[in-house]
Amino acid sequence: MEGVELLWLQHYIVYMGEQIHSSSDSVISANYGMLASVLGSIDEAHAAVVHHYTKSFRGFSAMLTPAQAKAIAAEESVISVFESKTHPLHTTHSWDFLGVNSYNQYNQLPGDAKSDAIVGVIDSGVWPESKSFGDTGLGPIPKRFKGECVTGENFTSANCNRKIIGARFYYRGFEADIGPLEFVDGIFFRSARDADGHGSHTASTVAGSVVSNVSLLGMARGIARGGAPSARLAIYKACWFGLCSDADLLSAFEDATDDGVDIISISVGSPPTRSSFFSDAISIGSFHAFMKGVLVSASAGNSGLPGTASNVAPWILTVGASSIDREFNSNLYLGNSRVLKGFSLNPLKMENYSQIISASAAAAPGVPAANASFCRNNTLNKSLIEGKIVVCTLETIQDNRLKKSIVVKEGGGVGMIIIDPLAKEVGFQFVIPATLIGQAEAVELREYLTTEKNPVAKIIPTTTVVNTKPAPRMAVFSSMGPNILTPDIIKVSTEEPAGRSLDFNIISGTSMSCPHVSAIAALIKSYHPYWSPSAIKSAIMTTATELDNTGSTIVKDPFGSPTTPFDYGSGHINPVAALDPGLVYDFDSNDVIDFLCSNGVGSGELRNLKGERLACKKDPTTSYNLNYPSIGVSNVNGSVSVVRTVTYYGKGPTVYVANVEKPVGVNVTVTPYKLKFYNAGEKQSFKVDFLPYKASNGSFVFGSITWSNGVNRVRSPIGLNVISV
């Protein structure tokens with residue numbers, strides 16, 4: 001029976017809210033006591049535990065049967081019990097495009113904006129020898145930091161410095177979920193050292209030191225630096241082989257919050273869920289960080305479809321992906337003198353023109369032409385592709401482009417063309433000269449292949465083109481709204497490195513957008529050290545722009561299709577404007593509790609959430625009246641009134657006037673439409689009345705409200721689903 005029972009053991013997280021015990025030891029003792037009451041003995045409780053959470057919140061993770069998990073969930077002190085799962089991890093010129101366009105301009109920022117903000121990066125670790133993590137010119141480690149430099153495999157205390165001021169690593173959750181690290185195919189270090197480059201890239205994007213004359217094999221040459229180069233980094237490695245365990249992520253959140261970081265940057269996300277905020281590790285960890293005054297910046301995900309945005313809790317700053325005004329062009333020269341525009345990170349040079357063959361025309365014996373077109377292993381006839389450029393297609397958008405180039409190379413091919421709707425979206429690297437072309441170019445290429453008896457071509461090495469227009473464009477892979485858990489909240493608005501050993505790399509995905517916003521948050525925290533996480537979030541959101549560098553509304557790749565706030569959120573960030581937003585929308589933990597009550601959170605989930613007995617008010621404030629920097633109402637039946645409060649941060653008297661962009665089919669009235677302020681810190685409330693005259697037929701209609709005093713522009717997107725008028 002014991003053997004049968006063992007087969008049912010799963011890794012569960014038990015969450016019990018705010019930590020109210022006198023010490024970590026007393027929490028651990030209480031955890032073991034609870035487990036023993038279900039498992040039968042203290043010894044069994046010790047054997048079952050994987051992690052204890054004893055600092056900012058109380059809980060543990062343990063190997064349990066579903067029946068045991070259900071019994072623990074019935075305990076009065078338990079808020080939630082859920083299975084621990086693993087989740088996948090979701091550049092130089094980018095800071096120029098965002099408006100902090102040189103190190104000289106960074107030095108001209110207000111002095112307080114260059115002080116010692118501490119950013120905790122939860123990712124795959126760090127490669128400390130990188131020049132991006134040098135500490136030249138930095139002062140002593142801030143005294144408020146309580147973290148550690150934990151040693152491990154190929155990582156000593158000497159690997160920490162005044163830039164990397166702390167480093168920890170977590171693997172027990174991964175091993176409980178997946179198995180021993182040694183059993184997984186791949187390189188790893190049982191320490192905070194990064195084995196795949198993802199964590200090093202995100203950390204250096206946030207706060208990398210200034211490194212001159214940087215390039216990727218000659219491409220994208222320039223100065224590499226983080227958005228906040230004087231900020232400090234605390235590294236929390238919770239991801240292995242591109243996967244992150246919920247249980248390990250919670251441990252990282254707990255330590256980062258307790259260590260005294262100002263910002264947490266995490267480029268991970270679980271799939272969107274319709275269940276509770278408190279059955280999600282990132283939501284739980286970020287909630288307690290928010291309660292302690294720490295802003296969490298997290299990626300929205302790379303699913304690219306409506307309703308797929310992750311990390312949607314209102315206390316998280318959620319980041320999507322867009323392009324910048326830079327392209328990596330690797331063009332295709334055809335034998336008929338035509339040039340097709342292509343994109344890749346291709347430093348390899350083809351000396352001569354070579355024959356082109358479609359992969360579908362080079363199928364191995366017994367392989368259907370359609371299967372061969374995807375250039376998968378063992379699908380191509382080597383005798384037909386040897387010495388030629390092979391044209392491959394994608395089976396799915398998630399196809400491994402690098403592996404296709406390996407297949408072609410091993411078959412004797414000298415080059416590769418991939419017909420790819422992403423094209424310029426993502427910077428891919430390959431083992432042979434290769435380029436990606438879009439649909440329009442593919443049509444011309446196919447015509448050339450069918451009309452020319454001896455089609456030839458040459459792939460040109462990549463050239464870097466900057467100041468392209470229009471930019472930004474929303475990435476096709478960036479996850480979209482609406483927020484499926486709480487549709488009234490409109491969230492904010494990018495990969496595969498090839499197998500080369502590189503000092504610097506170019507990676508795309510929302511996982512790389514996230515640290516850009518984390519860096520801006522660190523700058524704001526330095527300049528406004530007493531601002532709350534929601535105030536910082538407001539500053540970033542309300543100063544963002546929905547326009548590209550041609551003055552038109554941001555469009556979406558690959559076809560330039562129209563976008564809405566469900567694509568770009570509040571818009572493209574403006575770092576300089578965010579330091580001086582003029583007005584901010586602030587909310588605190590009490591507002592969050594009210595928000596949770598309005599979304600059906602029961603008394604069971606509220607127990608001990610803040611270390612005290614909580615109960616919902618008889619008539620909680622509706623969720624769309626959370627003092628959020630956007631306005632969303634997912635169920636408009638007749639007229640609706642929304643209330644917001646803004647806090648003034650400026651010098652001297654001023655008057656802000658409202659300007660409304662009305663959603664289609666809705667009249668909008670703002671009362672008062674003028675807000676007068678005399679001193680910084682003053683608060684003013686206003687009401688927005690929505691009077692629909694046309695139903696939106698199950699879809700959202702969008703608009704905005706912008707407050708301006710002639711200097712500052714404070715914009716909030718509006719999204720309404722009008723059910724009836």
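Nothing fancy with the numbering, it's 1 onward along the sequence. Atoms considered below: every heavy atom in the structure, side chains included; atoms not considered: hydrogens, waters and symmetry mates.
- Using a 4.5 Å cut-off on side-chain heavy atoms (C-beta onward), Phe174 and Val184 make contact.
- In this structure, Ser200 contributes its side chain and Trp127 its backbone to a donor-acceptor pair below 3.5 Å.
- Side-chain contact between Val126 and Phe155 is present, with heavy atoms from C-beta onward closer than 4.5 Å.
- Contact check for Ser330 versus Ile459: side-chain heavy atoms found under the 4.5 Å cut-off.
- Judged by distance alone, the side chains of Asp177 and Ser245 do bring a donor and an acceptor atom under 3.5 Å apart.
- Using modelled atom types and a 3.5 Å distance limit, the side chains of Ser265 and Ser518 yield a donor-acceptor pair.
- Electrostatic pairing of Glu441 and Arg338 does not count as a salt bridge here, judged by no charged N lying under 4.0 Å from a carboxylate O.
- Here Ile266 contributes atom CD1 and Ile122 contributes atom CD1; the two are 4.5 Å apart, rounded to the nearest 0.5 Å.
- Of all non-hydrogen atoms in Ala364 and Asn378, the two that sit nearest each other are CB-O, 4.3 Å.
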Inset, instruction - Show your working on side-chain contact (heavy atoms from CB on, under 4.5 Å) between Leu445 and Val443 and close with a plain yes or no. - result: CA-CA 5 Å; Leu445 176 61; Val443 170; over 6 Å; no
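- Looking at Thr393 and Phe374, their side chains come closer than 4.5 Å, going by heavy atoms from C-beta outward.
- The existence of a salt bridge linking Lys404 and Glu395 is excluded, since no basic side-chain nitrogen approaches an acidic carboxylate oxygen closer than 4.0 Å.
- Looking at heavy atoms from C-beta onward, Val414 lies out of side-chain contact with Ile432 at the 4.5 angstrom threshold.
- Glu452 has its side chain out of reach of Leu334: every pair of non-hydrogen atoms, C-beta onward, lies at least 4.5 Å apart.
- In this structure, Ile520 and His516 have side chains that are not in contact, with every pair of non-hydrogen atoms separated by 4.5 Å or more.
- In summary, Arg190 and Glu175 engage in a salt bridge, as defined by a charged side-chain N under 4.0 Å from a carboxylate O.
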Inset, instruction - Take Thr435 and Phe430 through the side-chain contact (heavy atoms from CB on, under 4.5 Å) test and state the conclusion after the steps. - result: CA-CA 9 Å; Thr435 190; Phe430 304 97; over 6 Å; no
